[in-house]
There are 2 protein chains.
Amino acid sequence: MIRVVIAEDQGLVLGALAALLDMEDDIEVAATATDGQDALERILEIEPDVVLTDIEMPGMTGLEILQVLKEKKFAGRVIIVTTFGRSGYLRRALEGGAAGYLLKDAPADELAEAVRRVHQGLRAVAPELAAQAWGDPDPLTDRERQVLKLAGEGLSNSKIAGELHLSEGTVRNYLSEAIGKLGAANRTEAARLARKQGWL
Amino acid sequence: MIRVVIAEDQGLVLGALAALLDMEDDIEVAATATDGQDALERILEIEPDVVLTDIEMPGMTGLEILQVLKEKKFAGRVIIVTTFGRSGYLRRALEGGAAGYLLKDAPADELAEAVRRVHQGLRAVAPELAAQAWGDPDPLTDRERQVLKLAGEGLSNSKIAGELHLSEGTVRNYLSEAIGKLGAANRTEAARLARKQGWL
DNA sequence: GATCTCGGATGACATTCGTCATGCGGCCGA
DNA sequence: TCGGCCGCATGACGAATGTCATCCGAGATC
C-alpha cells in the first residue's frame, strides 16, 4: 500500500484528486492539506511514501516545502503537480530533489502511474517538459529578481528601495539591468516576460 | 439519474472531477471535454441535465459557451466552476443565465450538492461570493479598460496610442483617470488591481 | 602587497509618466 | 435651439523612470 499526502489549495481539486487516487487499490490517501504550513506538519507527522503538492499555495509554496523536507532528510518522495510548465519552476523542483513533476493538463490516469513510478525510485517528469527542462536558464541575479518582482507589482523605485534596504539609484540600476537582459522596453514588460518563464 | 457534461482544460483536474462525481449514485458523467469548441459540440449532441464548465479554456471560454447555449435555448442548467471569485466574472455569468457559480477552493462535497440543487431548478452560488456579487461594479469606461489592459502588458503610451488610434496625450488622460478611480499609484498597480477584480 | 571582481552607491541626463486646465465638436434632452 | 455632457485632443509642468559613467570597499586571486 502506497501512502500518499496531497497538498493543494483549491478544495475542489484537492477532493477530486483524492477521490481519483483512492480508486486505486494499491494507493491510500493518508492526509490532505490546503495550505503549505499545514501540509508540512502532516507530512512530518505521517511520513508518507509519496507527497503530491501544488506549487502555488498560501503560507508556503510547494518548492519551499521541498526545501524543508530535503533539509530534514525526509525519506519519502515528492511529486510536484502544477498548472504550467515554466522551465524555471521545473528546474528549481528538480534541483530541490523532487522525484516527479506533472502538469495539471496531463491525462488523469498518468497520476496514479506517476505515484507508482516514483514509489519505485524512478522519476516521473511530464514528457513535454523533459526536453525543455534545461532550456534557457534564468539570466537574472537574485537582486534583479527581487527588484523586478516588486516593480511588477506596481511599487515605485523608492518603495522598492525601502523594502530591500537599498538606495533608490541602486534599484534603478538593477531594474535597468534586468530590462536589458530580458530585451524589454520597461519594467512592466520585463516583469511580464520573467513571470512567463517562471523566473519570478 | 442526473446526466452531466464536464468541460475543464486541465486533464488531471478534469479526470479527478469526473471521478468525484461518478462516485455519486444519482449522477452520471455523460461526457468530458478539454476545450471549449469540443465541449459545446458534446453538450448540443448529448443534451445533458447539467453542464459543469471552467471559464478559462482554449478555443472558447465558459462564458462564451454560456452565451451560445442561451441563444440556442438549451434546456439544461449550467454551473461555472472557476479558480477565483472575480466579481466581474460572476456578474457576467449570472447575467448570461448561469445557474451556479462555484470556486475551486470550495470543499469537495459541495460539488455534487450544487449539481443536485441546480438540477432541481435552484441556484448554487458560492456563499462567499453571493454578497459581493453586485458589490462594486466596474467603474472603468471602455476606453479606460482598453488602455489599462495594454499598459499592463508593458506597452508605452505611444505604443498604446498607435494601437488604439488615439493621441498619446489622450492615452495619458485615460490612464490617469483609471489610476485615480482604482486608487493606484501608477499604471502597473492599477492594472494589477483591475485584473484582480476581473475587470480586464 | 598588487590586482580583480562584485555588490552597492552616486550623479547627471534624457525620456516617459501622471496630473491638470483647457479647448473643440457632436449629440441628447429640455 | 440652447445648454450640457462626452469623447477626444492639446499643452505645460513636475515627478518617476531608464541609461551611463564612475566610485568605493570587501573578498578572492595571484
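In this text the structure is predicted, and so the values were computed from the model without any measurement. Sequence lines set the chain letters: A, B, ... in the order given, protein chains first and strands last, and positions in each chain run from 1.
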Calculate the interatomic distance between [X] atom [atom1] and [N] atom [atom2]; express it in whole Å.
| X | N | atom1 | atom2 | value |
| --- | --- | --- | --- | --- |
| Glu177(B) | dG7(D) | CD | C1' | 12 Å |
| Ile160(A) | dG8(C) | CD1 | C1' | 16 Å |
| Asn173(B) | dC13(D) | CG | P | 17 Å |
| Glu168(B) | dT19(C) | CD | P | 15 Å |
| Tyr174(B) | dC6(D) | OH | P | 12 Å |
| Ile179(A) | dC20(D) | CD1 | P | 11 Å |
| Leu175(A) | dA16(D) | CG | C1' | 12 Å |
| Arg145(A) | dG7(C) | CZ | P | 13 Å |

Answer yes when [X] and [Y] have at least one side-chain N-carboxylate O distance shorter than 4.0 Å, and no when they do not.
| X | Y | result |
| --- | --- | --- |
| Arg117(B) | Glu113(B) | no |
| Glu24(A) | Arg116(A) | yes |
| Lys104(A) | Glu8(A) | yes |

Is [X] close enough to [N] that one of its side-chain N or O atoms is under 4.0 Å from OP1 or OP2 there?
| X | N | value |
| --- | --- | --- |
| Thr170(B) | dA9(D) | yes |
| Ser158(A) | dA16(D) | no |
| Asn157(A) | dT17(D) | yes |
| Arg172(B) | dT19(C) | no |
| Ser156(B) | dT16(C) | no |
| Arg143(A) | dG7(C) | no |

Is there a donor-acceptor contact under 3.5 Å linking the side chains of Arg187(A) and Asn157(A)? yes

What does Asn186(B) touch in the nucleic acid at a heavy-atom separation under 4.0 angstrom: a base, only the sugar-phosphate, or nothing?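 The answer is sugar-phosphate, as Asn186(B) gets under 4.0 Å only of primed atoms, P, OP1 or OP2.
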
Non-hydrogen atoms of Leu66(A) and Ala93(A) that approach each other most closely: CD2-O, 3.4 Å

